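Notes for the one structure printed next.
Note that ligands are numbered from 1 as they come in the structure, with each ligand's atoms numbered from 1 the same way. These numbers were taken from a predicted model, which means no experiment stands behind them.
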Amino acid sequence: MDPAKEEIVGSSDHDHDHDGPGPHGAPLTETQLRVKALESLLVDKGLVDPAALDALIDTYETQVGPHNGARVVARAWVNPAFKQRLLENASAAIAELGFAGRQGEDMVVIENTSKVHNLVVCTLCSCYPWPVLGLPPVWYKSAAYRSRAVFDPRGVLREFGLELPKHVEVRVWDSTAELRYLVLPERPAGTEGMSEEQLAALVTRNAMIGVARVPSPAKAARP
Ligand code: FE
């Protein structure tokens, strides 16, 4: 800590903390504590190799995630032949970009248009295309989303901030252990001159689940 800051902290005679410890001293949640306890037990007993655990965590924290799906979407936007392959055999087309693996074996990509909006849910549990989207967000696994996405998809979309015009048909797709869906969102207006890489940066996880649209760059830049 720099001395100036130390001085400010030292000058306060507060001996308790209203807001909890700062980011460096944040207490662990019950789940985090349980995970740590489990991990050290498994390592102590020689049942898991900490290096293997680190590799797994790194995979899902940094390598696998929505940035992969965003690259698939951007490629489809700029390359009609790729898009056709993607809609015909998603797993194979996605593998062309090097994204494959567990929970991505049998993929189906569904395309949003001005007339049809697709929404993905797993009503049974939390089936989700890991290689292109990473691990599912907490809300995706919630009972509320899993049931309401089916009987009130427009209401769910409204809560995500997406009000669809009446003439747009909403289709809900139920991901399962056999098939996992990925939404190919509509390419937003105002992106005509953008490169594939720039386009990929616009694509969000929620747009690929179907609870959002990809915002046009003008809107995205607004504070
Ligand atoms: Fe599931």
Side-chain angles (χ1 to χ4, degrees), residues 29-32 34-35 38-39 42 48 52-53 55-73 76 85-113 116-162 164 168-186 203-214:
T29 64
E30 205 188 314
T31 307
Q32 286 169 323
R34 207 175 290 174
V35 168
L38 253 178
E39 180 181 341
L42 291 169
V48 299
L53 271 184
L56 251 179
I57 290 166
D58 178 65
T59 299
Y60 287 101
E61 270 189 353
T62 62
Q63 297 171 34
V64 176
H67 53 283
N68 291 355
R71 284 188 48 207
V72 172
V73 169
R85 292 199 295 281
L86 186 65
L87 296 176
E88 282 168 5
N89 184 344
S91 306
I94 290 168
E96 289 177 32
L97 297 186
F99 309 135
R102 289 190 61 204
Q103 316 284 317
E105 298 90 347
D106 299 291
M107 295 281 312
V108 171
V109 169
I110 43 193
E111 184 185 14
N112 280 353
T113 66
V116 176
H117 184 92
N118 296 289
L119 176 67
V120 180
V121 64
C122 171
T123 55
L124 203 60
C125 45
S126 56
C127 297
Y128 195 71
W130 293 359
V132 282
L133 291 186
L135 300 177
V138 171
W139 57 258
Y140 184 85
K141 298 184 267 187
S142 71
Y145 178 74
R146 283 160 40 210
S147 57
R148 288 194 52 220
V150 175
F151 69 78
D152 182 23
R154 282 177 196 271
V156 168
L157 292 175
R158 206 171 294 126
E159 282 171 34
F160 275 94
L162 178 56
L164 286 177
V168 176
E169 180 194 342
V170 179
R171 290 184 192 158
V172 179
W173 301 81
D174 195 0
S175 271
T176 65
E178 279 82 39
L179 275 186
R180 286 177 175 77
Y181 297 98
L182 180 77
V183 174
L184 173 58
E186 271 188 285
V203 182
T204 63
R205 175 195 68 198
N206 284 6
M208 294 181 280
I209 301 175
V211 294
R213 277 181 166 151
V214 176

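The backbone N or O of Tyr128 lies less than 3.5 Å from no partner atom in the side chain of Ser175, so there is not a single donor-acceptor pair.
Taking CG of Leu182 as the start and CE of Met208 as the end, the distance is 6.5 Å to the nearest 0.5 Å. Once rounded to the nearest 0.5 Å, the distance linking CG of Leu133 with CD1 of Ile209 reads 6.0 Å.
Scanning for ring-ring contact (aromatic ring centres under 6.0 Å, His included) contacts around Tyr145 gives Trp139, Tyr140, with sequence neighbours left out. Residues satisfying the side chain to side chain donor-acceptor pair (under 3.5 Å) test with Thr29, not counting sequence neighbours, are Gln32. Partners of Asn118 by side chain to side chain donor-acceptor pair (under 3.5 Å), not counting sequence neighbours, listed by chain and number: Asn112, Trp173.
Around the Fe ion (ligand 1), the protein contributes the following N, O or S atoms under 2.8 Å, ordered by chain and number: Cys122 SG, Cys125 SG, Ser126 N, Cys127 N, Cys127 SG.
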